[in-house]
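These figures come from a predicted structure and were not determined experimentally.
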Amino acid sequence: IPLWITTPVLIANVDRRTTGTLARVLGRSLAAPARGLLLTAVLAPLGHLFAPLIGATNFRISEAIVLAFLVGWLLRALPDRRGPGVPAPFAGWLFAATITASIVGLAWQLRGYSGELSSTIDQLAHAYYFVGDRIGFIDGARLLEGLGLVAATVMLFRRHPALAVTLPQALTASASVAALSSVLLWRGVGSATALERFGRIGYRVSGHVADVNAAGSYFAMIVCLALGMAMRDRGYRRVMWLSVAGATGVGLWLSESRSALAAAGAIMVIAATWTTTSRFSVRARAATLAAIMIAVLGAGAVRVRLLDADQT
């Protein structure tokens, strides 16, 4: 399916810059899947940002990059090795089956309307990256692509342990560029669409995606990743990790996503507690972590009540 969706873009009358970007991702993933993963980690989060530069304004370039990587990785079909895995892989297959069943169920319901299902399938087949759909195929595909990225990452980690360092480097570098775009947008520098969106919202800033809450969640995860890498490194490397954590922290702050800020704060508190209680007994450590969790959940509940009171 990823090959069926990707091939028409590479051979159809699409902007050369868009085709060239996808061809590079596909070629790199075929030649060296680990490098293809790194390239995807850098480019995919910034798709909305650089899409106007390559003539892909109305084209879902980030999803196309992910699918081009998955095509290259699957076609290369490297033998697997023993190593790190994911807990409860059956849950992933069950989730995938649920997504597929949902798409099939919606398609079955659409059969009752003359020509609607055939029209939807025709649009998906010929203009997948440009259109929406009424059977949830695109939304479901994105979820399945996420599972595919998890599988690819885990399998490539088994073959290339150095990805434990290089992949976070790629992710934090991309996030730093995204944070810079938010700073520039805050200062009035950005595309016409982004400036119009910022002017409409007025105080929440996201330069690389339209959804400020999604931007906040993205920056929160990258901040935690960078801080975790800083904890395991030493010397100038720790300084570099702390620097990118600060840069992405600026992006998180500008997004003003309360849930993302709260989640990042809670994780930092729990991680700090976990580190400082490493010499405690098992019972004392569990009690300390439980107290922290109760305090965090209590603070969140109070915050929710205050927000509800403000709305009324």
Side-chain angles (χ1 to χ4, degrees), residues 1-10 14 18 21-22 25-26 29 33 36-51 54 56-75 86 89 91-107 109-110 117 120-156 167 170-171 174-175 178 206 208-222 255 257 259-260:
I1 293 176
L3 181 62
W4 165 62
I5 294 174
T6 301
T7 302
V9 181
L10 297 176
V14 181
T18 302
T21 300
L22 299 183
V25 174
L26 177 58
S29 302
L37 178 62
L38 294 176
L39 183 59
T40 301
V42 171
L43 294 180
L46 303 176
H48 186 80
L49 187 62
F50 69 78
I54 62 171
T57 304
N58 299 316
F59 184 87
R60 295 197 303 275
I61 185 65
S62 293
E63 184 180 4
I65 289 171
V66 170
L67 283 175
F69 160 71
L70 290 175
V71 169
W73 169 64
L74 290 168
L75 289 177
V86 292
W93 287 106
L94 183 61
F95 185 50
T98 303
I99 294 168
T100 304
S102 175
I103 296 171
V104 172
L106 288 171
Q109 292 180 17
L110 202 61
L117 182 58
T120 298
I121 293 175
D122 181 70
Q123 288 181 346
L124 289 173
H126 295 96
Y128 175 79
Y129 294 113
F130 294 94
V131 299
D133 72 288
R134 298 177 61 184
I135 60 175
F137 184 90
I138 293 172
D139 291 333
R142 287 177 173 178
L143 294 172
L144 294 174
E145 289 156 18
L147 293 178
L149 279 176
V150 171
T153 301
V154 170
M155 292 183 68
L156 289 173
L167 186 56
L171 290 168
S174 182
S206 172
H208 73 294
V209 291
D211 188 338
V212 288
N213 289 319
S217 300
Y218 166 68
F219 285 127
M221 290 188 289
I222 298 297
S255 73
S257 173
S259 57

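Distance check: L37 CG to L156 CG gives 6.0 Å after rounding to the nearest 0.5 Å. In this structure, the separation between CD1 on I138 and CD1 on I103 is 10.0 Å, given to the nearest 0.5 Å. Atom CD1 in I5 sits 7.0 Å away from atom CD1 in I1 (nearest 0.5 Å). In this structure, CG in L3 is found 6.0 Å from CG in L75, a value given to the nearest 0.5 Å. The distance from the CG atom of L110 to the CD1 atom of I135 is 7.5 Å, given to the nearest 0.5 Å. Going from atom CZ of F95 over to atom OG1 of T100 covers 10.0 Å, rounded to the nearest 0.5 Å.
The shortest heavy-atom contact between S29 and G36 is OG-CA, 3.5 Å. Between P45 and H208, the closest heavy-atom pair is O-CD2, 3.3 Å. Of all the heavy atoms in L149 and L70, the pair that sits closest is N-CD2, 4.2 Å. The heavy-atom pair separating G148 from W73 by the smallest distance is O-CZ3, 4.3 Å. What you find for F59 and T18 is that their closest heavy atoms are CE2-CG2, 3.8 Å. Heavy-atom minimum distance, L26 versus A68: CD1-O, 3.5 Å.
At least one side-chain heavy atom of Y128 sits under 4.5 Å from a side-chain heavy atom of R60. Contact annotation: the side chain of V42 never approaches that of L38 to less than 4.5 Å [non-hydrogen atoms, C-beta and beyond]. Side-chain contact between T120 and V131 is absent, with no heavy-atom pair separated by less than 4.5 Å. Here the side chains of F50 and I61 are in contact, with some heavy-atom distance below 4.5 Å. Put simply, the side chain of R134 does not reach to within 4.5 Å of the side chain of L106, judged on heavy atoms. Taking 4.5 Å as the limit, some side-chain heavy atom of Y129 sits within range of a side-chain heavy atom of L67.
Judged by distance alone, with hydrogens and angles left aside, the side-chain atoms of S174 form no donor-acceptor pair with the main-chain N or O of A170 at under 3.5 Å.
I99 pairs with exactly one of D139, V104, L143 by the side chain to side chain contact (heavy atoms under 4.5 Å, CB included) rule, that one being L143.
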